[in-house]
Q: 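Quick one: structure below, then a few questions.
Hydrogens, waters and symmetry mates play no part in the numbers below; they use all other heavy atoms, side chains included. If you're wondering where the values come from, they're calculated on a predicted model, not measured in any experiment. Labels below follow one simple rule: chain letters A, B, ... track the order of the sequence lines, proteins then strands, and each chain is numbered from 1.
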Amino acid sequence: MTDMARTFSITTAIDYTNGAPHIGHAYEKVLTDAIARHRRLRGQPVFFLTGVDQHGQKVQQSAQKLGLEPKAFVDGITAQFLALWSKLGISHDAWAATTEPVHIRCVQGMLQRLWDSGHFYKDKRGGHYSVRQEQFLTEKERGPDGEFGPEWGEVVYIEEENYYFKLAEHRDWLLGLIDSRSKSAHPLVIPEFRAAELRNAVEKLSGDLCISRPKSRLTWGIEMPFDPGFVTYVWFDALSNYISFAGYDPSPGADLSTFQSLWPAVHVIGKDILVPPHGIYWLAMLRALGFADNEMPTLLVHGWWNIAGAKMSKSLGNIVDPAALAEKYGPAALRWYLLADIATGRDADFSIERLEQRYNAELANNIGNLLNRTLNMTRRYRGGTLKKCGSPLAGFVSEKAKAWDAAMESYQPHAAIEAAMEIAVRCNAHVEETAPWKLAKDEAQAAQLDGVLYTLSESLRILSILLEPFIPEQAAAMRAQLNWTAEPSTAATEWGLLPDGHQLSEPVPLFPRIELQP
RNA sequence: GCCAGGGUAGCUCAGCGGUAGAGCAGGGGACUCAUAAGCCCUUGGUCGGGAGUUCGAUUCUCCCCCCUGGCACCA
């Protein structure tokens with residue numbers, strides 16, 4: 001059973017500020033937003049954290065190419081992300097930008113603490129280095145002929161000193177953690193098959209993790225507190241955002257009560273960053289800091305949107321721009337599509353046609369039109385005033401509201417949307433079955449007509465709550481037209497809250513149809 | 001090479017031992033409160049291929065093929 005008084009903490013991966021946001025970034029945030037909004041409807045306190053990863057070599061290089069300071073460069077990209085989240089109605093409670101002083105202090109404190117407690121060591125290792133690209137090359141970068149390709153320019157073998165995190169010594173503990181939490185009430189990894197994938201990778205784990213770069217190569221990062229000649233590289237910087245922005249203080253003996261009320265979190269991440277960063281590095285880092293097994297987060301791993309069956313990539317030139325889609329179709333159409341057309345954890349194919357179809361069929365034709373016809377009939381036949389009566393649909397609607405709640409609790413928005421849609425479909429059928437326009441012509445059937453109008457209005461009121469996590473703005477607009485001003489909540493999905501004599505407002509088409517290109 | 005997910009109607013998917021289902025799209029019809037929406041009816045599939053277990057397989061087992069991901073290896 002969920003502890004409703006306890007804060008529900010949920011985070012997304014933070015996005016790298018080396019390029020504009022694409023549809024995958026948007027999906028992750030919309031998914032997390034829907035989950036967060038559902039918990040708020042339940043009355044549970046929520047801490048929803050998202051943000052941007054602003055440091056690192058690629059940013060440094062991109063800025064250099066444009067003749068900009070790294071900070072100016074990342075500020076520009078960060079603004080694009082923030083503008084998109086605002087447009088899409090992402091309701092995060094906190095914003096993690098890794099150039100923030102609070103983050104830098106926390107990361108340095110963590111590094112110092114782990115250095116002091118012997119989790120790091122300094123070592124000199126050699127490798128093939130591309131002078132042009134300013135990076136070490138891995139074996140993967142070799143071509144079929146065993147040589148590094150011309151795109152790398154001159155490649156030299158050099159040795160470099162760096163700091164390493166003793167990762168390998170956490171291997172057995174991690175295997176045990178995966179095993180003990182798999183199939184438990186609080187799984188470490190969702191969906192379950194991803195846990196198997198993680199376990200597989202952990203079993204083969206060998207070697208430690210390089211966590212630094214000498215300043216001769218990289219200056220755009222957080223300085224190692226015990227060696228000003230180095231900055232920390234990627235992992236301790238980016239992954240730490242989940243706790244640094246939740247108030248974690250790594251100082252020995254610090255008061256962690258606030259942090260502990262916000263931890264552990266559910267991390268919503270893409271399948272590409274489960275192994276190794278979140279599933280291995282992050283968990284080992286937390287353990288090294290002294291986090292207990294029951295303080296390890298849950299990793300909710302979502303799939304990818306492919307484009308016509310192909311992976312989305314810059315080289316294929318098939319990047320889908322969420323800002324342009326939100327501009328053209330509206331945030332609601334985009335959010336609805338992203339939540340309805342993919343099962344959490346799986347991949348799906350992105351299709352504008354399906355976005356248009358789902359919007360027209362479900363939002364415009366089914367829900368929007370139901371609202372419109374209900375308000376119109378009530379106004380025409382009863383001056384907009386409802387008479388409270390019993391309803392043959394009360395049980396059905398309650399059942400669907402329960403299914404919606406269960407689906408959201410298990411992070412399945414597409415299933416929750418389906419449950420909500422069934423209410424609209426059932427109501428539309430109810431209109432046809434009862435034919436209010438015929439009842440209205442017969443004084444003897446007045447009670448039946450009142451019953452139908454109340455059933456439809458009350459169903460719509462409940463439906464507006466069920467839609468809140470997905471399309472909050474339109475859900476609120478529905479309530480406004482129903483003249484129902486109470487705060488939406490799961491508790492208010494109870495049947496029969498519209499009082500006798502309730503006056504509905506004016507009907508205004510809520511979801512104008514998208515005119516499809518012939 | 002190893003592990004995992006997927007391959008079911010034009011599209012998106014559900015089913016997972018008893019002679020194939022939903023939504024959308026397509027076709028037909030009745031209605032009129034409504035955003036030319038909604039409702040009813042309907043066309044449509046040798047359930048990736050092959051073998052096996054079974055009275056019976058989309059559903060279980062084995063082999064193979066294709067797509068996706070992870071890990072490893074070669075170079």
Q: Round to the nearest Å and state the distance from A:I178 atom CD1 to B:G70 atom P.
A: 17 Å
Q: Let's see if you can work this out: which of B:U35, B:G5, B:C33 has an atom nearest to the side-chain heavy atoms of A:A364?
A: B:U35
Q: Write down the partner of B:U53 under the Watson-Crick or G-U wobble criteria, each distance required to be under 3.5 Å.
A: none
Q: B:C31 and B:G15: how far apart are their C1' atoms, nearest whole angstrom?
A: 35 Å
Q: Among B:C13, B:G38, B:A4, which nucleotide sits nearest the side chain of A:F193?
A: B:A4
Q: Assuming nearest nucleotide by heavy-atom distance, tell me which of A:P276 and A:Y381 is located more 5' along RNA chain B.
A: A:Y381
Q: Taking atom P in both B:G49 and B:G10, compute the distance separating them and give it to the nearest angstrom.
A: 14 Å
Q: Check whether A:Y359 reaches the backbone of A:P512 with its side chain - one donor and one acceptor, N or O, closer than 3.5 Å.
A: yes
Q: Using a cut-off of 4.0 Å on non-hydrogen atoms, how would the nucleic acid contact of A:A196 be classed: base, sugar-phosphate, or nothing?
A: nothing
Q: Look at the side chain of A:K204 and decide which nucleotide, out of B:C13, B:A72, B:C39, has an atom nearest to it.
A: B:A72
Q: Can you tell me the base-pairing partner of B:G21? Count Watson-Crick or G-U wobble geometry only, both distances below 3.5 Å, and say none if there is no partner.
A: B:C13
Q: Taking side chain as C-beta onward, heavy atoms only, is A:P507 less than 4.5 Å from A:R379?
A: yes
Q: Closest nucleotide of RNA chain B for A:R354 versus for A:L363: which of these residues is on the 5' side?
A: A:R354
Q: Say we look at B:G28 and B:G44: how far apart would their C1' atoms be, to the nearest angstrom?
A: 15 Å
Q: Find the partner of B:C31: check Watson-Crick (N1-N3 plus N6-O4 or O6-N4) and G-U wobble (N1-O2, O6-N3) distances, both under 3.5 Å, and reply none if neither fits.
A: none
Q: Please state whether the phosphate of B:C71, meaning OP1 or OP2, lies under 4.0 angstrom from any side-chain nitrogen or oxygen of A:N200.
A: no
Q: Say we look at B:A14 and B:C2: how far apart would their C1' atoms be, to the nearest angstrom?
A: 31 Å
Q: Among B:G69, B:C33, B:C39, find the nucleotide with the atom closest to the side chain of A:N428.
A: B:C39
Q: Any carboxylate oxygen within less than 4.0 angstrom of a Lys/Arg side-chain nitrogen, looking at A:K388 and A:E458?
A: no
Q: In terms of the angle between their ring planes, are A:F165 and A:H119 parallel, tilted or perpendicular, with boundaries placed at 30° and 60°?
A: tilted
Q: Rounded to the nearest angstrom, tell me the gap between atom CG in A:N369 and atom C1' in B:U35.
A: 6 Å
Q: Which part of the nucleic acid, if any, lies within reach of A:R346 when heavy atoms closer than 4.0 Å are counted: base, sugar-phosphate only, or nothing?
A: sugar-phosphate
Q: Could you check how far CZ of A:R194 sits from P of B:G70, rounded to whole Å?
A: 8 Å
Q: Return the value, rounded to whole Å, for the distance between atom CH2 of A:W305 and atom C1' of B:G6.
A: 16 Å
Q: Starting at atom OH of A:Y337, determine the distance to atom C1' of B:C11, rounded to an integer number of angstrom.
A: 11 Å
Q: Would you indicate whether A:E473, at its atom CD, is surrounded by more than 12 heavy atoms from other residues, nucleotides or ligands within a distance under 6.0 Å?
A: no
Q: Could you identify the nucleotide paired to B:C2, looking across every strand shown and requiring Watson-Crick or G-U wobble geometry with both distances under 3.5 Å?
A: B:G70
Q: Quick one, A:Y27 with A:W304, criterion ring-ring contact (aromatic ring centres under 6.0 Å, His included). Give me CA distance, side-chain angles, the key distance, then yes/no.
A: CA-CA 9 Å; A:Y27 166 57; A:W304 280 3; over 10 Å; no
Q: Determine whether a donor-acceptor pair (N or O, by modelled atom type, separation under 3.5 Å) exists between the side chain of A:R479 and the backbone of A:S464.
A: yes
Q: Side-chain contact test, heavy atoms from C-beta onward, threshold under 4.5 Å: evaluate it for A:L299 versus A:I190 and give yes or no.
A: no
Q: Think A:R380 has a side-chain N or O under 4.0 angstrom from the OP1 or OP2 of B:A34?
A: yes
Q: So what does A:L375 touch, heavy atoms closer than 4.0 Å: a base, only the sugar-phosphate, or nothing?
A: nothing
Q: Provide the Watson-Crick or G-U wobble partner of B:A36, both distances under 3.5 Å; none if there is no partner.
A: none
Q: What interatomic distance, in whole Å, is found between C1' of B:U58 and the corresponding atom of B:U46?
A: 12 Å
Q: Would you measure the distance from the P atom in B:G45 across to the matching atom in B:C39 and give it in whole Å?
A: 26 Å
Q: Expressed as a whole number of Å, how far does the P atom of B:A9 sit from that of B:U59?
A: 15 Å
Q: Using whole Å, report how far OH of A:Y281 lies from P of B:G70.
A: 13 Å
Q: Please tell me which of the listed nucleotides, B:U35, B:C39, B:G69, lies nearest to the side chain of A:L510?
A: B:U35
Q: How close or far is atom P of B:U35 from atom CD of A:E506, stated in whole angstroms?
A: 13 Å
Q: Check if the side chain of A:N372 and the base of B:A34 share a donor-acceptor pair of N or O atoms closer than 3.5 Å.
A: no
Q: Check the distance between B:C67's P and A:D349's CG and give it to me in whole angstrom.
A: 15 Å
Q: With respect to the phosphate group of B:A37, does any side-chain polar atom (N or O) of A:R513 fall under 4.0 Å of OP1 or OP2?
A: yes
Q: B:A57 and B:A20: how far apart are their C1' atoms, nearest whole angstrom?
A: 12 Å
